[in-house]
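Since the model is a prediction, treat every value here as computed from it, not as a measurement.
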Amino acid sequence: MTTRLEGDFDYIVVGAGTAGCIVANRLSVDPRKRVLLLEAGGNDNWIWFHIPVGYLFAIGNPRSDWMFRTEPEQGLNGRSLAYPRGKVIGGSSAINAMISMRGQAADYDHWRQLGLAGWGYDDVLPAFKKLEDHFLGESEHHGTGGGWRIEAPRLSWPVLDAVGNAAAEMGIRRTDDFNTGDNEGIGYFHVNQKRGRRWSSARGFLKPVLNRPNLRLETKVMVDRLIIEEGRAVGVRFLQNGEIVEARTRGEVILCAGAIGSPHLLQRSGIGPTDWLAQAGIDVTLDRQGVGRNLQDHLQQRAIYKVSGVRTLNETYYSLLRRGLMGLDYAFRRRGPLTMAPSQLGIFTRSDPHRERANIQFHVQPLSLDKFGDPLHRFPAITVSACNLQPTSRGTVQLRSAKPDEAPAIAPHYLSTDEDRQVAADAIRTTRRLMKQPALAAYHPEEYLPGPSVGDDAASLAKAAGDIGTTIFHPVGTAKMGTASDPTAVVDERLRFYGIAGLRVVDASVMPTITSGNTNTPTAMIAEKGASMIITDSR
């Protein structure tokens, strides 16, 4: 038996993650518009959603993480990777690295060159600025007064300062701000925090407006499928508390479920590649070949170096006294290691001098572990991860069945192109050169991973890249923007779905190509622009 959610809505927003919280905020400003926001996860009423270091406990926990895994990846020598996605209001912004990173102006100018009017860097900069409440203040690059709080990190490490000095010795310039259009340089990442607490999209944009009478939030909702009538999206069917419920809209359905959730929902609704739908026994509503294709992600080569004569978090963590002091420092000053983002020092550079712009990003951490979720090593060490910012490999997100609670098959196809394998090998070479600089000599860095037995030749480094490569959790592109002449495009430049009226996708899945850095802030920008387009088009 299906029950009907009381009333008609002007907008139904599916997903209260980074994008959905912003979209719901903006659309509900007009008190005449009724907005329904549906979230599969729960409320963020757990301490580890708010203490920054809580990502250690939230990622890999079914309370807060969808617990996805990739298919075994040929490029990773048959390994399958954990693929965390946030399962709570705020979505992945409640469990992610908190790094505020726009990417490069050239990323967005490339989108405009693809024929997507309104998406060049000069076009998107106002949206970035409108979102922000930046500690650097109002400027040509930044804004203040927005819901997205950005602050400087609240601690530093001498070993990370030394790595920064080593990068400078390699000729890389220093920067105080990675978000001015060109992020090449060395510096500490700015973070989405407020006075030592994580600042998720839910905290910045959803919670302050939940008292609006025209905004309704429903949590623990698993959207089963879209309701399509006469070529128009008119509502959704979802499961909640064991009941099947329908909600209807007189306006639009807006998908903000992310690069995994949005294509998966579309496919369950009969929208996607016909052969995929047939394999799952789903009747075809619309054959759209791009739904679930074009998956892009940043793969990092996670190198580990033992060090001596300098403090790292490894030995600090295993000292009961120091652990207690860390807790006190956070409790009384909101400072110290409990405020740490997963990575603190960033280095953007080129994997070879022929590159037109920075194409690798280093995440440098004063700690090490075998894999995420494992305990820290008991020896002093740092992690120096280099990721390919502009990968050419493309993967897929494909449904396995019509069941909404069965995870899709996620196949990023990492290192499936010659160019990506070359960049991975060059990234390891660049890491080794970095760690041999004089600024680090006093700490006697010793390569632990990939290890000194791995040679510097292309074949050895390609295999090592497959052994140590891991996701940095930036899936995008699975419902990409494109022109009407592009058969793989899913939405147009105003994020309207090709072939179905009253339907938009407003999240990371619409990126035609991945941005050159962490993807949470670009997702927020897409939500800001998307909401503005929806409001303008409804007039």
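In this structure, P512 and W111 have side chains that are in contact, with non-hydrogen atoms separated by less than 4.5 Å. For the pair I514/H298, a side-chain contact is recorded, criterion being any heavy-atom separation below 4.5 Å from C-beta on. Two residues are said to be in side-chain contact when any heavy atoms from C-beta on lie closer than 4.5 Å; P380 and N314 fail this criterion. Looking only at side-chain heavy atoms (C-beta outward), M511 and T515 come within less than 4.5 Å of each other. Q344 places none of its side-chain heavy atoms less than 4.5 Å from the side chain of F189. Side-chain contact between I534 and R504: present, with at least one pair of heavy atoms (C-beta onward) separated by less than 4.5 Å. Under the 4.5 Å side-chain criterion, counting only non-hydrogen atoms from C-beta, T3 is not in contact with L5. Under the 4.5 Å side-chain criterion, counting only non-hydrogen atoms from C-beta, V14 is not in contact with F238.
Note: S64 OG to I95 CD1 = 6.0 Å, rounded to the nearest 0.5 Å. For the atom pair CG of D133 and CD1 of I150, the computed distance is 8.5 Å after rounding to the nearest 0.5 Å. Note: L27 CG to L215 CG = 9.5 Å, rounded to the nearest 0.5 Å. The line from NZ of K480 to OG1 of T488 is 3.0 Å long, rounded to the nearest 0.5 Å. Atoms CD and CG, from E73 and L81 in turn, are 7.0 Å apart once rounded to the nearest 0.5 Å. Remark: I468 CD1 to Q300 CD distance equals 9.0 Å, nearest 0.5 Å.
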CA sep, side-chain torsions, deciding dist, call: I254, C256, side chain to side chain contact (heavy atoms under 4.5 Å, CB included) = CA-CA 6 Å; I254 302 145; C256 299; 3.8 Å; yes
Q361 and N518: CA distance, side-chain angles, deciding distance, side chain to side chain donor-acceptor pair (under 3.5 Å) verdict = CA-CA 10 Å; Q361 174 185 5; N518 307 69; 3.1 Å; yes
Side chain to side chain contact (heavy atoms under 4.5 Å, CB included) evaluation trace for L265 with V236 | CA-CA 10 Å; L265 173 56; V236 296; 5.8 Å; no
Check the pair N96, Y55 against side chain to side chain donor-acceptor pair (under 3.5 Å), reporting the backbone distance first and the verdict last.
-> CA-CA 7 Å; N96 71 354; Y55 63 85; over 6 Å; no
Verdict with supporting geometry, L36 and V13, side chain to side chain contact (heavy atoms under 4.5 Å, CB included) = CA-CA 6 Å; L36 174 64; V13 182; over 6 Å; no
Working for side chain to side chain donor-acceptor pair (under 3.5 Å), residues N359 and S351 | CA-CA 7 Å; N359 72 310; S351 61; 2.9 Å; yes
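Between R378 and E315, none of the side-chain N atoms (NZ, or NE/NH1/NH2) sits under 4.0 Å from a carboxylate O, so this pair counts as no salt bridge. With respect to the salt-bridge test (charged N to carboxylate O, under 4.0 angstrom), the residues K87 and E39 do not qualify. Looking at R335 and D329, no side-chain N of the basic residue comes within less than 4.0 Å of a carboxylate O on the acidic one, giving no salt bridge.
A distance-only check finds no donor-acceptor pair linking the side chain of R149 to the backbone of E132 [under 3.5 Å]. No donor-acceptor pair under 3.5 Å is formed between the side chain of N241 and the backbone N or O of E243. A donor-acceptor pair is defined here as one N or O able to donate and one able to accept, closer than 3.5 Å; no such pair exists between the side chain of S100 and the backbone of V191. Judged purely by atom type and a 3.5 angstrom limit, T383 has no side-chain atom pairing as donor or acceptor with the backbone of I304. In terms of modelled atom types and a separation under 3.5 Å, the side chain of N43 and the main chain of N45 share no donor-acceptor contact. Under the 3.5 Å distance criterion, the side-chain polar atoms of S201 are matched with a main-chain donor or acceptor of T18. In terms of modelled atom types and a separation under 3.5 Å, the side chain of R197 and the main chain of I51 share no donor-acceptor contact. Between the T249 side chain and the F9 main chain, a donor and an acceptor come within less than 3.5 Å of each other. Panel note: side chain E218, backbone L38; no donor-acceptor pair is recorded below 3.5 Å. Proximity of a side-chain donor or acceptor of S393 to a complementary backbone N or O of Y414 within less than 3.5 Å is not detected.
For F473 and Y83, the ring centers are positioned 6.0 Å apart or more. Between Y448 and H377, a ring centre-to-centre spacing shorter than 6.0 Å is recorded.
Donor-acceptor pairing under 3.5 Å is recorded for the side chains of R212 and S28. T417 and T392 are linked by a side-chain donor-acceptor pair at a separation below 3.5 angstrom, with hydrogens and angles left out of the test. At a cut-off of 3.5 Å, with distance as the only test, a side-chain donor of E447 or Y305 sits close to an acceptor on the other residue. Side chains of Q296 and N294: a donor on one and an acceptor on the other come within 3.5 Å. For N388 and D420, the side-chain atoms include at least one donor-acceptor pair closer than 3.5 Å. Side-chain contact, D107 with S516: a donor N or O sits under 3.5 Å from an acceptor N or O. No hydrogens or angles considered: a donor-acceptor pair under 3.5 Å links the side chains of S401 and E406. Side-chain contact annotation: N183 with Q104, donor-acceptor N/O pair under 3.5 Å present. In the model, N520 has no side-chain atom that pairs as donor or acceptor with a side-chain atom of S93 under 3.5 Å.
When all heavy atoms of T523 and A508 are compared, the pair lying nearest together is OG1-CB, 3.4 Å. Here the closest heavy-atom approach between residue I227 and residue E246 is recorded as CD1-CD, 3.7 Å. Pairing each heavy atom of P475 with each of L295, the nearest pair is CB-CD1, 3.8 Å. Contact record, V506 with G530: CG1-CA, 4.1 Å, taken as the closest heavy-atom pair. The shortest heavy-atom contact between F178 and G346 is CZ-O, 3.4 Å. Pairing each heavy atom of A202 with each of D44, the nearest pair is CB-OD2, 4.4 Å.
Ring pair W46/F49 is perpendicular by interplanar angle, where above 60° counts as perpendicular and below 30° as parallel.
Cation-pi geometry between R334 and Y330 is met: the NZ or CZ atom falls under 6.0 Å from the ring centre, inside 45° of the normal. Figure legend: cation-pi geometry between R322 and Y317 absent, as NZ or CZ is not positioned both under 6.0 Å from the six-membered ring centre and within 45° of its axis. Judged by a 6.0 Å distance limit and a 45° cone about the ring axis, R198 is not positioned over the six-membered ring of W48. Figure legend: K130 and W148 shown without cation-pi pairing, the cationic atom not lying both under 6.0 angstrom from the six-membered ring centre and within 45 degrees of its axis.
Heavy atoms from other residues, nucleotides or ligands lying under 6.0 Å from CD of Q279 number more than 12. More than 12 heavy atoms of other residues, nucleotides or ligands lie within 6.0 Å of CZ in R69, so this atom counts as buried by the packing criterion.
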